[in-house]
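Remarks on the structure that follows.
Start at 1 with the first residue, then count along the sequence.
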Amino acid sequence: MPSYLNALALALFFVSTGALAIYGVHLYVLLWLFRRRSRDTRAHQRTVVERYRATTEDAEWPVVTSQIPLYNEMDVAEQVIRCVAAMDYPEGQHEIQVLDDSTDASRDVVDRVVSELRDAGVDIHVARRADRVGYKGGALAIGAGKARGEFLAVFDADFLPPRGFLRRAIPLLADAP
């Protein structure tokens with residue numbers, strides 16, 4: 001092989017390696033900038049939440065409607081309903097809508113759990129539709145029209161929100177410009 005081809009291949013190799021090295025360094029710089037900014041953002045969010053909690057009485061917190069759309073999810077329905085009902089939020093300010101389009105035995109599970117929680121004083125009710133137009137999105141739209149909350153929190157059946165989720169999220173939303 002001629003020597004100029006060897007030199008050309010070697011030059012291409014070094015150019016490609018250099019370009020990849022610069023790209024790698026660029027990614028590390030972006031990661032560092034992201035982590036620095038997210039640390040500052042989290043610190044600001046903590047300050048906003050702490051200030052809101054210190055200056056706002058429980059009765060002044062906005063009403064939140066938590067929506068749980070369900071369709072034949074018997075294995076997780078009870079768990080997500082109980083988890084949302086156990087969330088830490090001022091009494092009387094949290095409404096729960098279980099939007100149940102189920103056609104199987106999960107309807108019985110939902111009715112039993114909702115009845116038990118309602119008897120315990122939780123503001124919870126079930127909404128059912130005759131058809132599934134729009135699927136879960138359609139159920140959420142109908143529930144939103146009946147919601148009394150200023151904010152809507154939507155929790156899918158396979159997600160269990162942390163107990164303090166609303167206490168951390170609402171101050172950031174209520175305090176937004």
Side-chain angles (χ1 to χ4, degrees), residues 34 38-39 41-177:
F34 168 77
S38 66
R39 183 182 61 238
T41 300
R42 280 193 307 271
H44 171 70
Q45 289 174 345
R46 268 191 302 276
T47 303
V48 169
V49 170
E50 289 167 6
R51 183 180 69 240
Y52 190 87
R53 291 178 94 167
T55 61
T56 308
E57 297 294 323
D58 279 356
E60 296 172 4
W61 282 63
V63 175
V64 174
T65 299
S66 292
Q67 295 181 313
I68 308 169
L70 298 173
Y71 177 69
N72 295 346
E73 297 172 282
M74 185 168 45
D75 295 337
V76 294
E78 180 175 357
Q79 188 177 15
V80 70
I81 293 169
R82 288 189 187 282
C83 186
V84 171
M87 292 179 80
D88 176 28
Y89 202 71
E91 190 174 328
Q93 303 297 93
H94 187 206
E95 171 191 35
I96 302 171
Q97 293 178 339
V98 181
L99 308 169
D100 185 23
D101 287 344
S102 298
T103 57
D104 65 355
S106 52
R107 290 173 73 107
D108 300 330
V109 172
V110 167
D111 289 341
R112 177 182 50 81
V113 173
V114 167
S115 176
E116 181 183 318
L117 290 169
R118 192 178 304 117
D119 291 344
V122 176
D123 182 7
I124 185 169
H125 51 277
V126 178
R128 291 200 169 96
R129 305 182 296 158
D131 57 36
R132 292 199 60 228
V133 174
Y135 303 104
K136 285 186 177 182
L140 291 167
I142 289 173
K146 298 176 182 177
R148 69 179 182 92
E150 182 180 339
F151 294 99
L152 294 176
V154 179
F155 301 106
D156 197 32
D158 58 355
F159 175 73
L160 300 176
R163 181 167 160 68
F165 174 79
L166 292 177
R167 287 275 192 179
R168 288 191 311 271
I170 294 302
L172 297 171
L173 298 170
D175 197 52

Checklist entry - Would the number of heavy atoms belonging to other residues, nucleotides or ligands and lying under 6.0 Å from NE2 of H44 be above 12? => result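 At most 12 heavy atoms, drawn from other residues, nucleotides or ligands, come within 6.0 Å of this atom.
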Checklist entry - Is the number of heavy atoms from other residues, nucleotides or ligands under 6.0 Å of F159 CZ greater than 12? => result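 Check passes, neighbour count above 12.
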Compare every heavy atom of [Y] with every heavy atom of [X], then report the nearest pair and how far apart it is.
X: G143; Y: L99; answer: CA-CD2, 4.0 Å
X: R168; Y: V49; answer: O-CG2, 3.4 Å
X: C83; Y: P161; answer: SG-O, 3.3 Å
X: T65; Y: A147; answer: OG1-CB, 3.6 Å
X: F155; Y: P69; answer: O-CD, 3.5 Å

Okay, side chain of [X], backbone of [Y]: is any donor-acceptor separation there less than 3.5 Å?
X: D88; Y: G164; answer: no
X: Q67; Y: V154; answer: no
X: N72; Y: T103; answer: yes
X: E73; Y: Y71; answer: yes
X: S106; Y: S102; answer: no
X: R129; Y: V133; answer: yes

Within this structure, what is the [atom1]-[atom2] distance for the pair [X] and [Y], rounded to the nearest 0.5 Å?
X: I96; Y: H125; atom1: CD1; atom2: NE2; answer: 9.5 Å
X: L173; Y: Y52; atom1: CG; atom2: OH; answer: 10.0 Å
X: R107; Y: L70; atom1: CZ; atom2: CG; answer: 11.5 Å
X: Q79; Y: L160; atom1: CD; atom2: CG; answer: 4.5 Å
X: I68; Y: I81; atom1: CD1; atom2: CD1; answer: 5.5 Å
X: I170; Y: F165; atom1: CD1; atom2: CZ; answer: 7.5 Å

State whether [X] and [Y] are salt-bridged, where the test is any N-O pair (Lys NZ or Arg NE/NH1/NH2 against Asp/Glu carboxylate O) under 4.0 Å.
X: K146; Y: E95; result: no
X: D111; Y: R118; result: no
X: E50; Y: R46; result: no

Item to check | Result of checking D100, D101, D156 against K136 for salt bridge (charged side-chain N to carboxylate O under 4.0 Å, His left out) | outcome: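 When D100, D101, D156 are each tested with K136, the salt bridge (charged side-chain N to carboxylate O under 4.0 Å, His left out) holds only for D156.
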Checklist entry - Would a 4.5 Å heavy-atom cut-off, applied to side chains only, mark V63 and H94 as touching? => result no
Checklist entry - Residues two or more places apart in sequence or in another chain: which of them pass salt bridge (charged side-chain N to carboxylate O under 4.0 Å, His left out) with E150? => result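 E150 satisfies salt bridge (charged side-chain N to carboxylate O under 4.0 Å, His left out) with no other residue.
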Next on the checklist: Check whether W61 forms a cation-pi arrangement with R167 (NZ or CZ under 6.0 Å from the six-membered ring centre, at most 45° off the ring normal).
Outcome noted: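 R167 over W61 ring: yes.
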